[in-house]
Every structure is written in C-alpha cells, then in structure tokens.
Amino acid sequence: MAPFPLNLVELLGSPQYFLVYLIIGFAFGAVLEMAGFAVSTKLAAQFYFKDLTVLKVMFTGIITAMALVFLASGLGLLDYNLVYVNETYLVPGIVGGLVMGAGFILGGFCPGTSLVSAATLKIDGIVFALGAFFGIFLFGETVGLFEAWWNSTYMGRFTLMELFSVDTGVVVLAVMLMALAAFALSELAERKIGKQTAKQPRWRYGAAGAGVALAAVVLFVGQPTNADKWAAISAERQPALDSRAVFAHPGEVLQYMNDRKIITLLVDVRGEADYNLFHIRDARHVPYDQLNSIVEEFHALPENAVVFVMSNDEAQAVEAWRYLVAERVVNVYILEGGVNGWLNTFGEQDFRDSALIADAAPETLRYQLAMAYGDRHPAAAPHADRFNLAFEPHVVLAIKRGPASGGCG
Amino acid sequence: MTTYTSTHKTSAPAQTRASRVARPYLHPYLAGILLGLVLFGAFFFTGNGLGASGGMNRLVVVVEDFLYPAHIDRTPYLISMAGGDRNPLESWVVFVTIGTVIGGFVSGSIHGRVKLEVVKGPRTSTRTRLFFAFVGGALMGYGARMARGCTSGQALSGGAVLSVGSWAFMLAVFAGAYMLAYFVRKLWN
C-alpha cells in the first residue's frame, strides 16, 4: 500500500501531530520571507509588469510540487486519493478570486504574505492583516444572505485531467511547458518595461530542462491503475478475503440497515434487469464498470458509514470489493451469499420452494420472480424481529486515513 | 532584481556584520523551487497542502466564540468551526498559520530584514497606504472565504494537484488585480 501520506494522528497522537503542521508552516513562512514577499511594493510591482517575482515564485512552486506529487504517485509512494484536492465551486471561486485580485492591488498582499510582512514588523502588513481579519469576520456574518449561491456550481473533486480527458502526465507536461513560457515572457517584460538590466543566472536553463525532464518521466511512468493499486495492497488485504472476515451475514447487514447511528450504504453491482427484478430496499444500482463514479462520494463519508457490496452470488461482489478497497474506500464489506443468499434467508418458505431454479448458473438470480418487484418484494425490507438469526459479526469500523477536509478549511 | 533592499537596516540583534545590513532576497526561481519542495512535503507527509486564510478565519472565530458563543451556534457557516464545544483551534491549518508567522519572523531576523516601517509607493502618504492596506485586506479576507481559500490554500495548493476550480480561481485573482492596477497606479509608482 502506498505508504504516504502518513496517518499522523495514529502515528503521533493528538495533539502532538499538530507539530508537523507547525514545522510545515515555519518552512512556508521562511520561504515566503526569503522570496521578498514581506514587502508590498515588490508584490504590487507584479501588476505593472516591472518585477514579476510573484508569478515566478508562485508558478515555480506549483510546477515543482506538481511534478513531485505525480511522480511520487506514479511510483506508488503517494496515494493521490488521499491528497486533498480543492473542490470546485466554479462561480463563487471566480468571483471570490476577482474580489481578492482587487484586494491584492489595493492592499499589496495576500493573506499569507501579509502574515509574513507583519512578522517582520512592516506596519502596512500588520494593518493589512487586521483588514483581512475584518473581511473574514464580515464574510462569516454575511454568507447567510447568499448561502445558496455560495454553494452553487459545485463540481466536487474535479481535476484538469478529467476536464480534458487526458492522462495525468500530459497535463503535467503541458502545465510545465506553459509555466516556462510564462517565465520567458516575464523576463522579457522585466527587461522592456521594468528596465531591469541585471544578468540572470545561467543555471535557470538547467533547472528548466530538469523540470521538463521530470514531467516527461511522470508521463512515461504513468499513474497507477486500479489493478496496480490492488496489486500493491493485495498481500495485506487478500487474507481478509480468504478468511472471509470481510463477508457480512445477511442478518448483520439487516442489523446495520436498522441502526440509526450508522450510515449504511448498499451497493448492488448486478445488471439492470436483475436489479429491477429484485433488490434490497435502498440498495444503489452501481454496475461494476461505474464504480469509479462513487469513489469520490464514498471518500467523503463520515467515519460511521459502512458499505456493503453485493451481486447475485459473491464473485462479482468480491471484484467490486477489491476495486473499492484499492481506491481506499474504508469499511467495505461483502454481502455473504449475495442476493441469492439474502432471498434464501428472508424469503417466505413457499416462495423459496416454488421459485427456486435448480440449475441456475453462477452469478445469476436463483429465484424465479413473477414480475419486476424492485424493492416492493416482501424480502426487500424484512422485519428483523421476525427472524431470529445467529451470526458472527464481522464489521469493524475503521478509522479513516488522510484528509477529510483540507484547503483553507 | 536582487538590489531591491540593499540599504535596509535591521533592528534585530546583530551578531555578525553580515546580519546588520538586510541581505538580498533569493533568486525568484530558487525561492520557487524551495516553495515547491515545502508544498510537496506538506502533501507527501500529511495529504494537505498549505493554507493561511483558513487559519486566520479560525482565529477570528475563537474571539467570536469567546464573546458570543450563542451567535456561533446559530450561524451555519460558523458551526462547522466552533459550534457547541468544538474548539476552532483544533485544526491543522491553524498550526500552519502560526508556523508561517514564526518562520517569517525567524527568516527576517536572520537576514536582517525585521524593521518597523511602512512600505509604500514613492508618491503615497503613509495614511493613504495604511487606509488602502486595510481596505485591501478586508477585500482579500472576504474574497478568500468566498473562494474557499486564498492564494496559498487554493491557487498554490490546488494548482499543484491540478484542481480545475483552483486554476479558474488563480486566473481570476490575476485578472482582478490587473484590471484594477491601472486605476490605482499612483499607489505604487
């Protein structure tokens, strides 16, 4: 299993793990200061094309981190699923960005740089930071007036690779090349408009070449597929499958369906025809080839959520379990015996006797249903009281790893 | 480009002669590479990027929560940070923010750049500069929360992991600043 990012809470305990963030913040503040970002006039010069340090530092930071993140992910060291990717709320993001742009040119800082400026005792930085505190306070008090708009145009975890439907490596290389082109134009502007005559160091050509080479390696290595991810964790997770520890008895599934303290998700991976004939109440129809569409939603589930996957028997459900586990969805279990086992457990005696298909092929429905019941069949939502089932509970709710929320949250 | 601050003096305790005079800044590309390494380190070890306005937000909320806890519990936006007995400071981004301030101060001290002063354009009065610093800060704070992140948490962090919203946001920040820059040129030039 990709060892990074680390589960800091489990590793260091709380609140000690906050120390890691303190160190990261320290490095961040020091780098901003060393770049000259504590000085407002240097930041503002960006917008008169005289000194494009802001653009250069920011984009160099972005492309460096980008190339390394996706290289680490490609090599199986870092799990991109556990990396926080800012969710897209397109219109509020753009309008907020425009407001911030106005604040940037009027005040000369962004929030992070103003903190560094204040730390180096620049009075304008201190006043700006106070203004930022005030603006933040004002937002908290006024967001209620336009909350619906603020939550609009939500697109979830939406990446540039998904937008353009290309491989990650292609986007990495394209962003790298665009950034380098922007640097060349910036240097031209600094010479022509800023009248800068200082000679630029030659090592920057080497650095640019290294950047392109790194992006090319990312493209060449590629990103791990679901099969790669499973291969990386199979040694660790296959035993649970072999010992049947991840199979939940129908009685246990029913118990979770009725437990109000637990969010129970039933995922039915069978074909649509079988699903329409019969499915457990509240089961969601997600065919195997569409499982990736629910991964993001399932990552966002709180810790008291448990997922049960099911097919007619078990084989397809096992594949679905592997898929979701490889994608780092936690608390996933398989319905023991599948839907056939469910009907066998909760179907009425005369139904079981009359509807049983003796020579049913594996992974087909073993009971003949008179019509497309969907979830209107008596066995779709059985009463727990009527069945006195003995089973060994298998579900153990695990603590989630990785960021549940991030960004400037 | 690095001649910019060569005459600043420091008020920090000067141990060596080198630290008496403000030292030049890093070359932008070198600073950028270091920034990228810090950002990568953050993602690699914690899964989170960097942030600033989120931490500032929680510092605001702590004060609000102290003065009017009932108000917090009635405002949906604030409940998630400090509703009930939730402590708004128990968040990674608060510690990044505190670290940023300490890091900025330490680096400024080492390089002899900690100095009580107002940095402003050559044709701007101190009063005007401070007025616009406050107004700009307020807009920045308001916009950052509207966009769910500032330059650090959205543009830098989200940009590096290729979020569509973060790139749209980043272009909007630059667009907003460039659109207004001409009209306020006297502030800075």
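Throughout, protein chains are lettered first and strands after them, A, B, ... in sequence-line order, and every chain is numbered starting at 1. All values below were derived from every heavy atom in this structure, side-chain atoms included, with hydrogens, water molecules and symmetry-related copies excluded.
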Considering only heavy atoms, which portion of L187(B) lies under 4.5 Å from any heavy atom of chain A: side chain, backbone, both, or neither? side chain
Honestly, the part of V69(A) sitting under 4.5 Å from a heavy atom of chain B is both
For a quick check under 3.5 Å, do R157(A) and S163(B) share a side-chain donor-acceptor pair by atom type? no
Is it the backbone or the side chain of V91(A) that comes under 4.5 Å from a heavy atom of chain B, or both, or neither? neither
Parallel, tilted or perpendicular: ring planes of F44(B) versus F4(A), cut at 30 and 60 degrees: parallel
Chain B contact via A72(A) - side chain, backbone, both or neither, heavy atoms under 4.5 Å: side chain
Give, for atom CZ of R129(B) and atom OG1 of T41(A), the distance between the pair rounded to the nearest 0.5 Å. 8.5 Å
F37(A) versus chain B, heavy atoms under 4.5 Å apart: side chain, backbone, both or neither? neither
How long is the straight-line distance from CE of M140(B) back to OG of S114(A), given to the nearest 0.5 Å? 8.5 Å
Measure M161(A) against the heavy atoms of chain B and call it side chain, backbone, both or neither at under 4.5 Å. side chain
First locate atom CG of L162(B), then atom CZ of F158(A), and finally report the distance between them rounded to the nearest 0.5 Å. 12.5 Å
Member of Y21(A), Y17(A), F18(A) meeting the ring pair (Phe, Tyr, Trp, His ring centres under 6.0 Å) criterion with F95(B): F18(A)
In terms of side-chain heavy atoms, does T142(A) have a donor or acceptor partner in Y142(B) at a distance below 3.5 Å? yes
Per-residue contact mode, P15(A) against chain B (heavy atom under 4.5 angstrom): neither
Chain A contact via T151(B) - side chain, backbone, both or neither, heavy atoms under 4.5 Å: both
Sort N81(A) into side chain, backbone, both or neither according to what part of it lies under 4.5 angstrom from a heavy atom of chain B. neither
Tell me, side chain or backbone of L130(B) under 4.5 Å from chain A's heavy atoms, or both, or neither? both
Please state whether the side chain, the backbone, both or neither of I24(A) comes within less than 4.5 Å of a heavy atom of chain B. both
